[in-house]
Structure formats: C-alpha cells, structure tokens
S.K.: 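Mind having a look at this structure? Questions to follow.
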Amino acid sequence: MSLATRTATARSRTRRLRVPAIWLLLLAIFLIAWLLVSLFGRGDFASASNVNNIVERATALGIVAIGQTFAILVASIDLSVAYLISVTAVMASFIMQGDPAKVPLAILVVAAIGAGVGLINGLLVTKARINPLIATLGVGLILRGLLNASFQNFTGSVPASFQFLAYGRIGPVPVPVIIFGGLALFASVLLARTRFGAHVYAVGGNRNAARLSGIRDHRIIIGAHVITSLTAVVTGLYLASRLRSGAPWIGSDGVYDLESIAAVVVGGTVLSGGRGGVLGTVAGVLIFAVLDTMFNQLGVDSYLKQVLRGLIIITAVAIYAARSREVVG
Amino acid sequence: MAAATEAAIDRPDRDWRPHLAGIIRVLPVFIVLIGIIVWIAILNPRFIEPAQFLNFLRRSAPLIILAGGQLFVIVTGGFDLSQGSLVTLTVLVGALLAFGDPANTWWVILLLYGFGLLVGIFNGAVTSYLRVPSFITTLGMLLTLKGVALLATGGAPRGALPENFRAFGRAFIEDVPLVGRLPWAVLVLLVVGSLLVFLFHFTQLGKQALAVGDNQHAARLSGINVPLVRIAAFTVSSLCAVTAGIMLGGFSGVSLNVGDGLELEAISAVVLGGAALLGGRGNMPAALAGALTLQALFTLLNFLGLPSPIRVAVQGTIIIGAVGFAAWRAARSGQEREV
C-alpha cells in the first residue's frame with residue numbers, strides 16, 4: 001500500500017468519525033434555549049436534572065432513529081417502525097403479565113418478531129424489488145391491522161423489576177441515557193470501523209458499483225433493515241417499561257416513523273443514501289428534544305409547537321442542502 | 001405463438017401485437033377494478049343499480065381527486081405528504097370562517113383555494129430552489145398545516161359549514177333521466193377528472209412533468225423550466241387537496257382527523273394505477289382508477305364482514321402485491337428499473 005492511499009484511507013476513516021457540524025448547531029440551539037428560558041421561562045435550563053430530562057425525552061425517538069439511519073444509509077427507508085414499536089410494547093407486556101420470570105421469554109419473542117419484520121422488509125426491497133417506501137408502508141399497515149384486530153387497549157403489565165429500564169439509575173446516570181449512548185456508540189463504531197459499515201456506505205452510495213466490486217448488496221440491505229427493526233423493538237421495550245404496560249397506539253401516537261426519518265435527515269444523512277452517520281442523527285434527535293423542552297418551559301401552545309416543529313425540519317434540511325451541491329427530488 | 005408469428009410474417013403490415021401489448025400494459029388496474037366490482041355485485045346485486053353505484057362514486061370522489069393531484073407530483077419524482085393535512089385544514093378553517101352562514105360560502109371557498117395555491121407554491125419552491133427533498137418538505141408541511149388548523153380552531157371543531165358549502169359533498173340533483181338522483185359530487189368528479197386527464201395527457205405541463213421525473217438534467221438541457229414544472233405539479237396537488245377537503249366537509253362533516261392518512265391512501269392509489277414511484281412514468285386514467293379500486297376494495301372487505309383493522313392489513317398486502325407484480329413484470333421484460 002502506497003503512502004498516498006494509506007493517508008487517504010486514514011482520512012476517510014477520520015472523516016466518518018469526525019464530529020459533524022450539526023453538533024455546533026445543537027450547541028447554538030441549546031444556548032439560545034438557555035437564554036430564552038432564563039429570560040422568559042421558569043427554572044434553570046442548563047441544570048443537570050434538566051439536561052437529563054432532555055436526554056430522557058430523546059431516548060425513545062433516538063434509539064429508533066439510530067436504526068433508521070442504517071435503512072436510509074443503504075438508500076432505503078423504513079415506515080413500519082411506528083407499528084413495530086406498538087407490537088413490541090403490547091406483546092412484551094402481554095407475555096410478561098407482571099411476572100419477572102417471564103421477562104426473558106418476552107424479550108426473546110419480541111426480538112424474534114423484530115428480526116422477522118426486518119427480514120421481510122429487506123426481502124421485499126431486494127428480492128421482490130419493491131420500492132422501500134411502499135414495501136415498509138405495506139408491512140406497517142399489516143402490523144397495524146393485525147395488532148388492532150387482537151388488542152384494543154392497555155394489555156398486561158410489566159413487572160416492577162423491568163421498569164429499571166426506564167426509571168433505574170446506575171450511579172448518577174439514568175439507565176435510558178446509558179442505553180441510548182451505548183447504542184449510539186456501538187452503531188457509529190459499526191459503521192466507521194467494520195467491513196459491514198464500509199459496505200453499508202458503498203451500497204448506499206452506488207449500488208451497482210458496490211455489486212460489481214463483489215459486495216453482496218442484498219445481504220447488506222437486508223442486514224440494515226434487520227438492524228432498523230431491532231432498534232424499533234428496543235424503543236418498544238423502553239416505552240412498555242416507561243408506561244408500565246403496552247397499548248396499541250403508542251407507536252403511531254409518537255409518529256416514530258416520520259419523526260425518526262426527520263431526525264436522521266436533520267442530522268445530515270442524505271435520503272438518497274451513502275452519506276451521513278449516527279452521530280448526526282443523535283444530534284438531530286437532541287435538537288428536537290431541546291426545542292421541545294424549551295417550548296414547554298416557555299409555555300408555548302402545543303399546536304404552535306407543532307407548526308414550529310414543521311418549519312424547523314424544513315429549515316434545517318434547507319440549510320444542509322444549501323451547503324451541498326447535490327440535486328435532489 | 002408460432003402460428004401468430006407466422007401470421008405476422010405473412011402480413012407484416014397488420015401486426016396487431018404491439019398495440020395489444022400497449023393496451024395490456026395499462027389494463028391491469030382496470031381488470032382488478034372490474035373484478036372487485038363484479039365480486040361486490042355477486043355479494044350484493046343492488047350495488048350496481050344506478051343509485052347505489054352513484055353513491056359509491058360519491059364516496060370515492062375525494063380520494064380519486066387526491067390521487068390525480070398526487071400523480072402530478074409523483075411523475076416529477078416527488079411526493080406530496082401534505083395533502084391529508086391540507087384536507088383537514090380546509091374543513092376546519094372553512095367551518096370556522098363560514099360559521100354556518102350561507103352568505104360566506106363563496107369567499108371562503110375562494111380564500112381556501114388561495115391558501116392551497118400558496119401551499120403548493122411553497123412546497124414546489126422549497127423543493128426546487130432550496131433543494132430540500134420533497135419527502136421532507138411536505139412532511140414538514142404536514143405537521144405545520146395540521147398545527148395551523150388546530151391553532152386556528154383551538155383544538156376543537158368550531159363553527160359550521162353552511163348548507164350550500166356542504167352541497168358539493170352531499171346534495172343531489174333530483175329526477176335526472178336514467179339514473180334518478182345524481183350527486184353533485186359525481187358531477188364535480190367528472191369535471192375535475194376530465195380537467196386532470198386533459199392537463200396530464202394533452203398539455204405541455206403533463207409532458208414536461210414526465211420529462212422532469214425521468215431525467216431532470218436532460219429536461220433542463222432541453223429547455224424545460226424544471227423549477228416551474230415542479231411548482232406547477234405541487235400546486236395542482238394542493239388545489240386537488242382543497243377540492244377533496246370541500247367535498248369531505250360536505251360528506252362527513254367537521255372533525256379533527258378528517259384528512260388523517262389520506263396522503264398515504266392517495267400514494268397507494270397512484271401506485272395501484274401503475275405509476276413509477278421515482279418519476280417519469282404515469283397514466284392519469286389508471287391513477288384515478290387506482291383510487292376507485294382502493295375504495296372498491298374497502299367496500300368489498302366491508303361486505304365480506306371483515307373487522308376494520310383487518311381491512312387495513314389487507315390494504316397493506318394489496319399495495320405490496322401490486323407493486324411487487326409491477327416490479328416482477330418490469331424485471332421479466334428486461335427493464336432494470338425500480339417501480
């Protein structure tokens with residue numbers, strides 16, 4: 001290997017791990033929020049408890065958004081996550097029925113469901129060559145139909161020990177923060193440092209070129225979809241733990257499908273695939289959470305909040321697009 | 001097959017197969033539609049009586065119009081996810097402004113169309129000039145419009161739609177020869193549907209929209225004003241959404257979630273009608289028939305006595321099946337493009 005290629009490889013490695021500019025935006029928004037809340041709102045925005053609060057608020061969306069990043073990086077998308085979250089929460093609490101001994105069984109079952117859904121999504125996109133938007137929308141509708149036909153309300157309950165997932169602390173750090181941070185770290189190492197990660201970028205950047213250079217593109221895309229579905233399962237388990245029981249509407253009420261996509265794109269991953277990363281997504285999710293918390297502490301009307309959120313998504317992506325030369329549809 | 005080939009060799013000037021192939025390419029959605037309608041008619045023979053069938057068309061009209069607008073955006077290579085929220089806003093704000101007074105109807109409708117025009121121009125301009133993917137632009141618009149509608153009404157339906165406003169969705173013209181009572185909605189559907197077919201197949205705009213979706217660089221180089229075409233496509237879509245909102249307001253009254261999920265149903269309908277999701281291909285009658293097929297399917301599942309959650313699951317299976325079939329057919333005919 002010549003010196004030139006070695007430095008080029010090193011540079012591309014560091015580029016993927018480099019802190020994206022979005023984190024500066026997050027910092028700026030946090031400071032503005034701090035200022036506004038200090039001037040017009042109640043409480044200390046930068047206090048440790050409030051920062052914890054922001055991160056906890058981001059956890060549910062953040063975990064599934066990490067998974068969504070994988071689907072979007074391979075130039076696919078996953079609209080089925082919201083209903084998979086509902087299915088997971090309901091099934092987990094239905095199987096557990098408040099019995100701590102059944103927790104492992106419940107986790108095993110929902111993980112299997114998640115892996116199965118991811119596999120189906122991936123097969124539909126690759127082998128059946130169905131547009132990912134339609135394939136995952138269809139799978140989401142099927143999950144929603146089956147779920148609503150079987151369950152109408154809160155079903156079963158999770159044992160107190162399982163609530164450690166949402167309310168526990170290890171030292172001063174809440175467990176959700178550890179899970180969110182751990183998954184983010186794991187996912188970014190997976191993308192930046194492993195062969196699978198390199199192949200994800202290759203397939204997303206140019207699928208034909210990747211296939212011609214010997215990458216099994218179908219396996220990579222299916223793998224990305226399985227990862228996306230498994231993160232939806234983790235979010236579902238977290239929500240079941242937090243709400244103490246699962247209800248069929250928690251996934252769709254949280255709009256986790258569209259919001260996770262918005263967070264990924266605001267975090268700088270391009271919808272056409274091949275560029276971006278998990279660290280950007282985490283920043284995108286945190287920006288949403290900071291703004292949410294700020295609006296709450298300023299007492300902004302909840303409908304106005306929704307309007308502002310819509311405009312912020314468009315503005316953030318417009319700022320990104322202005323910096324790149326990509327032409328998009 | 002061999003006999004047909006020989007016949008074609010004998011009389012090459014009368015080879016009908018390309019024409020037949022052309023027809024078959026468009027036909028599947030119509031075949032499925034007729035199949036479903038026949039099935040419903042077997043279960044309930046009264047369904048194909050004029051009165052019942054016109055009523056079915058009346059219920060389908062909003063979705064058909066939405067699908068027509070959505071097709072314009074989809075052939076340019078985009079999506080319009082804001083349609084459903086615009087329907088909700090039309091109904092809620094329409095009721096708030098008109099407040100049950102028939103004298104207000106006309107200026108309220110004009111105002112709503114004006115607002116729809118602005119939404120379409122905004123969607124198109126942000127997508128073209130700021131280069132935000134339309135999926136994100138219209139997703140942001142979905143949240144914004146729903147928020148604006150709820151903000152304006154304070155989170156609960158206020159005011160009421162006057163009777164002459166609601167007429168578009170639920171009034172009838174009595175004593176029409178042959179059919180009896182003719183719903184206004186079916187008339188509106190005929191007018192808007194013809195307009196959409198004309199715009200799409202017989203004007204520059206339709207051709208240019210297809211060209212932009214197929215290859216926007218080639219389209220620009222051949223002198224097409226790409227941003228203008230995009231803006232026009234989104235504007236058509238938004239105006240269709242306002243129209244659908246006016247009809248739904250008359251049909252089902254004022255509620256907060258009247259438009260929820262309609263954008264996905266419209267996209268499903270367009271896909272059933274065989275349009276390519278990444279642009280460049282589409283057929284207006286097929287897209288309109290796709291919407292009618294989806295609505296007929298809901299009706300059929302209803303007649304079969306399936307609970308409504310199962311209907312949703314079947315809808316999911318159908319759209320996967322339809323797109324999978326189209327992909328399989330494209331792959332078999334050697335075209336390496338996704339549909």
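Per chain, numbering begins at 1; letters A, B, ... match sequence-line order. These figures come from a predicted structure and were not determined experimentally.
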S.K.: On a heavy-atom basis, which atom in B:A322 and which in B:L272 lie closest, and how many Å separate them?
M.R.: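 For B:A322 versus B:L272, the nearest heavy atoms are CB-CD2, 3.3 Å.
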
S.K.: So does A:F154 have more than 12 non-hydrogen atoms from other groups sitting under 6.0 Å from CZ?
M.R.: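 Yes, enclosed.
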
S.K.: For chain B, which candidate among A:L258, A:I313, A:V255 shows the most heavy-atom pairs at distances under 4.5 Å?
M.R.: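 Counting heavy-atom pairs under 4.5 Å, the top option is A:L258.
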
S.K.: To the nearest 0.5 Å, how far apart are OG in B:S85 and CD in A:Q306?
M.R.: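 Taking OG in B:S85 and CD in A:Q306, the distance rounds to 7.5 Å.
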
S.K.: Let me know if A:A128 has heavy atoms under 4.5 Å from chain B in its side chain, its backbone, both or neither.
M.R.: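 For A:A128, the contact with chain B is made by the backbone alone.
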
S.K.: Count the heavy-atom pairs under 4.5 Å between each of A:L137, A:L79, A:L146 and chain B, then report the option with the highest count.
M.R.: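 Top count of heavy-atom pairs under 4.5 Å with chain B: A:L137.
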
S.K.: Which value, rounded to the nearest 0.5 Å, describes the distance between A:F295 atom CZ and A:R309 atom CZ?
M.R.: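 Spacing of CZ (A:F295) from CZ (A:R309) equals 9.0 Å.
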
S.K.: Count the heavy-atom pairs under 4.5 Å between each of A:I314, A:N148, A:T315 and chain B, then report the option with the highest count.
M.R.: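 Of the candidates given, the most pairs with chain B belong to A:I314.
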
S.K.: Which region of A:V317, side chain (C-beta onward) or backbone (N, CA, C, O), has a non-hydrogen atom less than 4.5 Å from a non-hydrogen atom of chain B, or is it both or neither?
M.R.: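 Both backbone and side chain.
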
S.K.: Quick check on side chain to side chain donor-acceptor pair (under 3.5 Å): which of B:E263, B:E265, B:Q70 does B:Q83 satisfy it with?
M.R.: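 Single pass found, and it is B:Q70.
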
S.K.: Tell me, side chain or backbone of A:L271 under 4.5 Å from chain B's heavy atoms, or both, or neither?
M.R.: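 Contact with chain B is through the side chain of A:L271 alone.
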
S.K.: Identify which part of B:F122 has an atom lying under 4.5 Å from any heavy atom of chain A, answering side chain, backbone, both or neither.
M.R.: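 When you check distances to chain A, only side chain atoms of B:F122 fall under 4.5 Å.
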
S.K.: Does the pair B:D214/B:R281 count as a salt bridge with the N-to-O cut at 4.0 Å?
M.R.: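 Not counted as a salt bridge, because no side-chain N and carboxylate O are separated by less than 4.0 Å.
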
S.K.: At a heavy-atom separation under 4.5 Å, does A:I77 approach chain B through its side chain, its backbone, both, or neither?
M.R.: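 The side chain, not the backbone.
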
S.K.: Go through the atoms of B:L150 and report whether side chain, backbone, both or neither lie under 4.5 Å from a heavy atom of chain A.
M.R.: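 Both parts, heavy atoms under 4.5 Å.
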
S.K.: Side chain from CB out, backbone as N, CA, C, O: work out which of these in A:L124 comes under 4.5 Å of a heavy atom of chain B, or both, or neither.
M.R.: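 Contact with chain B: side chain only.
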
S.K.: If only side-chain N and O atoms count, and only distance matters, is there a donor-acceptor pair under 3.5 Å linking A:T69 with A:T269?
M.R.: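 A:T69 and A:T269 do not have a side-chain donor-acceptor pair below 3.5 Å.
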
S.K.: At a heavy-atom separation under 4.5 Å, does A:L143 approach chain B through its side chain, its backbone, both, or neither?
M.R.: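 Neither the backbone nor the side chain of A:L143 comes within 4.5 Å of chain B.
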
S.K.: With rounding to the nearest 0.5 angstrom, report the CG to CG distance, A:L84 to A:L147.
M.R.: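 That separation rounds to 10.5 Å.
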
S.K.: Checking heavy atoms, do the side chain of A:V139, its backbone, both or neither come under 4.5 Å from chain B?
M.R.: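 Looking at A:V139, backbone and side chain both touch chain B.
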
S.K.: Under 4.5 Å heavy-atom distance to chain A, tell me which part of B:V148 shows up: side chain, backbone, both or neither.
M.R.: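 Interface part for B:V148: both.
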
S.K.: Give a yes-or-no answer on whether the side chains of A:S80 and A:D257 include a donor-acceptor pair shorter than 3.5 Å.
M.R.: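 Short answer, no.
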
